Every structure is written in structure tokens, then in C-alpha cells.
S.K.: 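Structure provided below as C-alpha cells; questions to follow.
Everything numeric in this text was worked out from a predicted model, so none of it was measured. Basis for what follows: all heavy atoms, side chains included, without hydrogens, waters or symmetry-related copies.
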Amino acid sequence: MIKCITFDLDDTLWAVNPVVDQANHTLLEWLQQNAAAFTQTHSLSDFPRLRREVLERHPEIAHSVTQIRLKMLEHGLRLAGYAEEETETLTLQAFEVFYEARQQVTFFEHALVMLKDLHQSGYTLGALSNGNANIHKVGLSDLFDFQFSADQVGQEKPHPLMFEQMLHHVSLRPEQVIHIGDNPAHDIEGANNVGLWSIWVNLDGKSDHVPATRTVTCLSDIPAAVAEIEALAKTRVTI
């Protein structure tokens, strides 16, 4: 009955804040060497302000962490006094430095073993992410069959569009897919609203009531939760 399992990435398979923090430091080091006026004008503590200013001017890109980052760099370089052409060149180079560093993730305990288990069990595995982690660059090419992101789709979860495009891609009905993620709104509410089964990854052991089909507090429990949903799905079909 269950043919496909989709995963959120950030804070589901790895902690995202340490990754972005390190990527920001790598970016700042590159800027110090290649765009010194930027670092003389801005520090890391200015990044939230630059982000706010960009979103005030360009609310249409709020779904895209990639576009926000590019606009932040462009905005900061212009404020630092760089001319148009140099700003464009430095923006693209700086973003590439950040983007590559952003892919250097440390998987949560049991994540890779769990994914290999599901992959070997014959499920189609996909990633549905609001962020810009890349399954190929983080080392998941052999386990995941596809990826959709908010950058690509034009809307972020819990908007139904990413889930709907995924269903079209795999040619499956909602009841044939389980979505797994850590965010109660983006992942669980989003999946439930489209009719998917859902598994809430609650690694912190929060006491919140989240209306997921199943909840796990350890990634190693996901295969068992999938098996329970399989049994539940078959029961409903029989009824």
C-alpha cells in the first residue's frame, strides 16, 4: 500500500543551526579575503538586519532561502560601496562559498542506517525541503530518488504545492505516501492537509500534541512506525 516515503531534511536528519553558523563563518572569512569592504562595514550580527531589509523590499522571495541569501549579499556589498558589476560578481562567488559550506552536515544518530533500511525495503524515498540542502551534495544520492525544494516549487511547506508536485512526480495517491519531518506546521499539518500519512520526528521529546499518524523520538524507530502505518493502511483498504 505504501509506495513512497518523503523526508524533510533540516532538523529531521541533521541539526541545521550549527551547519548554517559554520557556513556563515566560512562565508565571512572568504569575504574578508575577497571583499574586505564588506567585512569592514558588516559583521555576522548584521546579517539578521540585512535579511529584514531585503524582505521588506522583496517580500515575493520570502519562500526562497537561496534568493534571500543572494539579495542579502548583494545588498550588503552595495552598502559597502561596491559598484554594480563588481557587486554582481562578488555576490555569485560569495554565495557559492556559502552554499558549499552549507552542505557539510552531520547526520543525527541512526539517520543513515534508518534510510538504508527503508531504501533496501523497496520504498521510493524523496526529500521535501524548505531549505537549500542538496541531497547529492550531502551524500544521499544513493538513498534518495528525488528532491523538491521551496526554491524550486515557488512555495514553502505547509502550502500544498510541494506535496502535490511530489505526488504528480511519483504518480501516486496521497494514501500511498508517508511524509516524515520535525516541524508540526510545515511537515505534519502540510502532509495531513493533502491526505498523506505523517510521522512527526520529535527528537527533543516535546509534550506538544501534534496530530501526526505516528510520532517517534528516535530516528531508529521510523521503520517500525512505517510498518505500523502499512498495517493501518491495509486495514482501511480491507474495510
Side-chain angles (χ1 to χ4, degrees), residues 5-27 44 47-48 51 62-69 98-119 125-141 143-144 146-153 155-159 162-163 166 177-194 196-223 225-226:
I5 302 172
T6 59
F7 284 85
D8 173 59
L9 298 176
D10 293 329
D11 288 331
T12 295
L13 298 179
W14 57 75
V16 70
N17 285 340
V19 176
V20 174
D21 287 346
Q22 183 56 52
N24 277 330
H25 280 94
T26 300
L27 169 63
L44 281 179
F47 280 24
R51 187 181 191 277
H63 68 279
S64 172
V65 292
T66 292
Q67 290 301 315
I68 292 171
R69 177 68 58 164
F98 171 83
Y99 182 70
E100 290 299 321
R102 188 259 184 273
Q103 311 303 322
Q104 307 307 308
V105 304
T106 300
F107 290 95
F108 286 140
E109 186 179 10
H110 308 299
L112 292 177
V113 171
M114 174 271 296
L115 291 170
K116 289 174 183 175
D117 185 339
L118 295 175
H119 178 73
L125 300 185
L128 304 180
S129 176
N130 285 348
N132 56 4
N134 184 301
I135 57 172
H136 305 294
K137 291 182 177 292
V138 301
L140 293 174
S141 298
L143 298 174
F144 278 78
F146 64 88
Q147 175 175 12
F148 285 91
S149 69
D151 288 328
Q152 170 190 358
V153 171
Q155 294 283 354
E156 61 181 354
K157 299 173 294 181
H159 192 283
M162 194 183 308
F163 297 102
M166 174 273 295
V177 180
I178 301 171
H179 179 66
I180 300 173
D182 72 290
N183 191 288
H186 295 166
D187 295 306
I188 305 310
E189 179 184 331
N192 290 351
N193 287 344
V194 180
L196 276 60
W197 305 93
S198 57
I199 296 176
W200 181 35
V201 175
N202 179 20
L203 299 183
D204 296 330
K206 296 184 180 70
S207 59
D208 308 28
H209 173 69
V210 175
T213 313
R214 290 292 184 272
T215 295
V216 298
T217 55
C218 180
L219 294 183
S220 63
D221 294 333
I222 286 178
V226 169

S.K.: For the atom pair CD1 (I222) and CD1 (I5), what is the distance rounded to the nearest 0.5 Å?
M.R.: 8.5 Å
S.K.: Applying the side-chain contact (heavy atoms from CB on, under 4.5 Å) test to L196, which of I178, T213, V177 qualifies?
M.R.: V177
S.K.: Going by the rule side chain to side chain donor-acceptor pair (under 3.5 Å), which residues pair with K116 if we only count those two or more places apart in sequence or in a different chain?
M.R.: none
S.K.: Are any non-hydrogen side-chain atoms of L27 and R69 less than 4.5 angstrom apart?
M.R.: yes
S.K.: If we only count heavy atoms from C-beta on, is the W200 to D187 side-chain gap below 4.5 Å?
M.R.: no
S.K.: To the nearest 0.5 Å, what is the distance between CE (M114) and OG (S220)?
M.R.: 9.0 Å
S.K.: Step by step, would you call L140 with H136 a side chain to side chain contact (heavy atoms under 4.5 Å, CB included)?
M.R.: CA-CA 6 Å; L140 293 174; H136 305 294; over 6 Å; no
S.K.: Using the side-chain contact (heavy atoms from CB on, under 4.5 Å) criterion, which residues pair with H186? Sequence neighbours excluded.
M.R.: N130, K157, P158, N183
S.K.: Determine whether a donor-acceptor pair (N or O, by modelled atom type, separation under 3.5 Å) exists between the side chain of E189 and the backbone of P211.
M.R.: no
S.K.: Less than 4.0 angstrom from a charged side-chain N to a carboxylate O is my criterion; do D21 and R102 meet it?
M.R.: no
S.K.: Taking atom CG of L9 and atom CG of L128, what is their separation to the nearest 0.5 Å?
M.R.: 8.5 Å
S.K.: Just how far is it from atom CD1 of I135 to atom CZ of F144, taken to the nearest 0.5 Å?
M.R.: 7.0 Å
S.K.: What residues form a side chain to side chain donor-acceptor pair (under 3.5 Å) with N193, not counting sequence neighbours?
M.R.: none
S.K.: Ignoring hydrogens and angles, tell me if any N or O in the side chain of Q103 forms a donor-acceptor pair with the backbone of N134 under 3.5 Å.
M.R.: yes
S.K.: Can a donor-acceptor pair be found between the side chains of S198 and H179 at a distance below 3.5 Å?
M.R.: no
S.K.: CZ/F146 to CG/L125 distance, rounded to the nearest 0.5 angstrom?
M.R.: 8.5 Å
S.K.: Quick one: closest heavy-atom pair of I68 and A62, and the distance?
M.R.: CD1-O, 3.8 Å
S.K.: So, for G181 and T12, which heavy atoms are closest and what is the spacing to 0.1 Å?
M.R.: CA-OG1, 3.5 Å
S.K.: So which atom in F163 and which in A191 form the shortest heavy-atom distance, rounded to 0.1 Å?
M.R.: CZ-N, 3.6 Å
S.K.: Which residues pass the side-chain contact (heavy atoms from CB on, under 4.5 Å) test with D117, sequence neighbours left out?
M.R.: S121, P223
S.K.: Would you please name every residue forming a side chain to side chain donor-acceptor pair (under 3.5 Å) with T66, sequence neighbours left out?
M.R.: N132, D151
S.K.: Looking at CG of D182 and CG of D11, how far apart are the two atoms once the value is rounded to the nearest 0.5 Å?
M.R.: 5.0 Å
S.K.: Under 3.5 Å, is there a donor on one side chain and an acceptor on the other for N202 and T217?
M.R.: no
S.K.: Centroid separation under 6.0 Å, is that true for the rings of W14 and F108?
M.R.: no
S.K.: Tell me the closest heavy-atom pair linking Q147 and A133, and the distance in Å.
M.R.: NE2-O, 2.8 Å
S.K.: Taking side chain to side chain donor-acceptor pair (under 3.5 Å) as the definition, give me every residue that meets it alongside D204, ordered by chain and number, with sequence neighbours left out.
M.R.: K206
S.K.: Could you check if a side-chain atom of N17 sits within less than 4.5 angstrom of a side-chain atom of D10, using non-hydrogen atoms only?
M.R.: no
S.K.: How far apart are the C-alpha atoms of H25 and V20, what are their side-chain angles, what is the distance that settles it, and do they pass the side chain to side chain contact (heavy atoms under 4.5 Å, CB included) test?
M.R.: CA-CA 9 Å; H25 280 94; V20 174; over 6 Å; no
S.K.: Just wondering, do I199 and V226 contact through their side chains at under 4.5 Å, heavy atoms?
M.R.: yes
S.K.: Kindly give the heavy-atom pair with the smallest separation between S149 and M162, and that separation in Å.
M.R.: C-CE, 3.7 Å
